[in-house]
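Reviewing the structure listed below.
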Amino acid sequence: MTDHTTDPTRLTDLTARQLLAGYERGDFSPLDATRAVLDRIEVVQPLVNAFVRVDAEAALAQAEASTARWRGREPRGLLDGVPVSVKDIFLQRGSPTLRGSRTVRAGGAWDEDAPAVARLREHGAVLVGKTTTPEFGWKGVTDSPLSGVTRNPYDPSRTSGGSSGGSAAAVALGAGPLSIGTDGGGSVRIPASFCGIFGFKPTYGRVPLYPSSPFGTLAHAGPMTRDAADAALLMDVISGADWRDWSQLAPAPSLSAALTEGAGAGGAGTEGASGVKGLRIAYSPTFGNQVAVRPEVASAVRRAVGRLAELGAYIEEADPDITDPVEAFHTLWFSGAARLVEPFGAEQRELLDPGLREIVAAGERYSALDYLAAVDARMELGRRFGRFHESYDLLVTPTLPITAFEAGRETPRGSGQRRWTGWTPFTYPFNLTQQPAASVPCGVDGDGLPIGVQLVAARHADALVLRAAHALYESGAVPRLPVPGPGATPAGS
C-alpha cells in the first residue's frame, strides 16, 4: 500500500475509514486530507463539472477544528474530519441550494440544514462543496440549464448518469471519499453504475428527508462511496432521527456492525453464516426477457453472481412475477413534477429544462383517479416483491442494461426511447416498492466504461444488502477501476 504519510496528495485515494484510521494514528490530519481533496477538485472540475459550489474557506476552517480535536484525542463523531460533498438538492446552511434551476434565487439567508446534512455536521464531517444535479433531480442524467453538463470520469464525452451524477463523478475521481445523493427512480444507483462507485438506496424512511420531495415517497436519500463499508458508516450517521420528517423509520442498529454478522436477516431464514454463505439469491438477468441487456453487461453481472456462489450463496435463476410498472411510475413522477412547478408563472416556466416542461404538461393531464390507479399498481408491485422475498434473501440484476452514453442527452442516440426510464428498467421498480438496493461495480465494457450489478432485498433488510456487497468487496471481486488523469477533454468542450 502507498505510504500516504509522506505523500499527502495521495490522501485522495483513501476511503473514509482509512482516513479515520490515519487520524487516529497521527499519520496525517483532517487538514492534510481536506487540502488534498480541495486540490483534487481544482484538477477534476474542468474535466467533469461535478460541483456547483466549493467553499474552500469554510471547509478548511472545519478541517482545522477537526485537527485540533484529533490532536486532543477527542474526535466529535463517526466522521470527524472526513471530507464529504452534498448533492445540491439538500439544504445546507450558509450555501444556496439552487437544485439545478434558474428559477431558484440564490439570495436569502439559507440558514437551515437538511436532516442528513445536520447529522454530518454533528459528526464532524468537513463539507467541501455542493454537487451537480439535473433540474430538481427530474431525470437519470446530469445536465441542467443552470450548471451545464456533468461528464463521466472514464470518458468525458459520456454522461455521468443522474440525477446524482455530480456526486458519483466526484467520488470516482477522489474529490472526497463520501457524498450524499437522492434516488427517486435510480438517481443514486444509475450514476454509481456509470461511474464505477458504490451507491446505496436504503429502505424509504431510513434516511429522514426535509423538505419533503415533490416526488413524494418515491424519493430516497443515500450514500455514494468507494465501497460498502464506507456506505454503512455514512448510513450510521445520516439515518439519525429528525423530527421534521414524520415518515422516518424508527432508529435501527448500526449498519457498520452488521456487515459481518450472520445471515438470517432476509426472508429465507438462513442463520449463523457470515457474508453471503447460506443466502438464497435469485439471479434475474433480464426480468424474464423483458429487458434487452448488452452482452458485455450481462457477462460482467454473471461473473459477479458466480462470485457470490463461490462465497457460499445458493444461486437460482428466477424472475419476479412482475410486468414493467413504467406507466404507474410515470403517473406518479410526472404528477410530482407538475405539483412542483404549479406555483410558477409563465416566465419561470420558460426557464425550465425543456424535458421537464414536457413531463409537467403530461402530469397536469392526469386526474386524481389516474393517480390513485398508479398507487394501486404500486401496492400490487410491492405485494409481489414481498412474496418473492419469502423465497429469496436477495435479488440480483444488472443495475442498468447499458453503459454510459453520450453526455448531454436524456436517452442514447438511436435508441428510439423518449424518456430516461426507457433505459433504467432495473432501478425505478424499487422506488415504487421502497426496497433497499445497491449498485456494486463488477467490471468494464470494451470501451473501459464501468458496469454495475444491483443487489436488492426486502424492505427493512438494508443490512443484508450492505453485507452482501461488503462480501464482494472483501473477496476481491470488485475491480479497482483505473481513473483518467487531468489531461482528458475538459467539461463543456
Side-chain angles (χ1 to χ4, degrees), residues 1-2 13-18 21 171-172 177-178 189 192-193 195-201 223-235 254-266 268 270-285 296-317 392-400 426 436-445 448 450-457 461-483:
M1 182 176 177
T2 302
D13 289 345
L14 299 184
T15 66
R17 290 170 298 109
Q18 289 170 330
V171 171
L178 306 177
R189 291 159 289 153
S193 182
C195 294
I197 69 164
F198 183 76
F200 178 56
K201 180 190 77 68
M224 307 184 73
T225 62
R226 301 270 178 77
D227 60 25
D230 265 12
L233 176 62
L234 185 50
M235 280 294 298
S254 167
L255 289 172
S256 292
L259 289 180
T260 55
E261 288 180 357
T270 55
E271 297 180 359
S274 61
V276 298
K277 186 176 181 181
L279 291 181
R280 289 196 61 191
I281 296 179
Y283 166 43
S284 180
E296 290 174 300
V297 172
S299 294
V301 171
R302 193 176 302 112
R303 286 193 297 271
V305 171
R307 188 61 178 141
L308 291 169
E310 291 171 4
L311 293 171
Y314 299 110
I315 308 294
E316 180 179 345
E317 191 163 324
Y392 300 102
D393 297 291
L394 288 172
L395 169 66
V396 177
T397 74
T399 305
L400 298 167
F426 293 113
S439 180
V440 183
C442 64
V444 295
D445 69 6
I451 296 167
V453 59
Q454 181 173 231
L455 309 180
V456 185
D462 301 66
L464 191 58
V465 172
L466 288 170
R467 193 172 74 243
H470 181 61
L472 285 173
Y473 278 94
E474 289 291 286
S475 73
V478 179
R480 181 174 176 81
L481 303 179
V483 176

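The minimum heavy-atom distance between G275 and A471, with the atom names listed, is CA-CB, 4.2 Å. For the pair A192 and M224, the tightest heavy-atom approach, listed with the atom from each and the gap, is N-CE, 4.3 Å. When all heavy atoms are compared, the tightest approach of P441 to V478 is O-CG1, 3.5 Å. Summarising the geometry of R467 relative to A258, their closest heavy-atom pair is CD-O, 3.4 Å, with the distance given to 0.1 Å. Heavy-atom minimum distance, V396 versus V453: CG1-CG2, 3.4 Å. Across every non-hydrogen atom of R189 and G199, the tightest pair is CG-O, 4.2 Å.
Formation of a donor-acceptor pair under 3.5 Å by the R226 side chain with backbone atoms of D13 is found in this model. Looking at D445, its side chain never comes within 3.5 Å of a backbone N or O of E296 through a donor-acceptor pair. Using modelled atom types, no side-chain atom of D393 and backbone atom of A457 make a donor-acceptor pair closer than 3.5 Å. R307 places a side-chain N or O within 3.5 Å of a backbone atom of S475 that can act as its donor or acceptor partner. No donor-acceptor distance shorter than 3.5 angstrom exists from the side chain of S284 to the backbone of T397, with no hydrogens or angles considered.
Inter-residue side-chain proximity for L394 and L308 is flagged as unmet; no heavy-atom pair is nearer than 4.5 Å.
Residues passing the side-chain hydrogen bond (donor to acceptor under 3.5 Å, both in side chains) test with E474, sequence neighbours excluded: none.
Among the candidates T399, V465, V276, the single residue satisfying the side-chain contact (heavy atoms from CB on, under 4.5 Å) test with L455 is V465.
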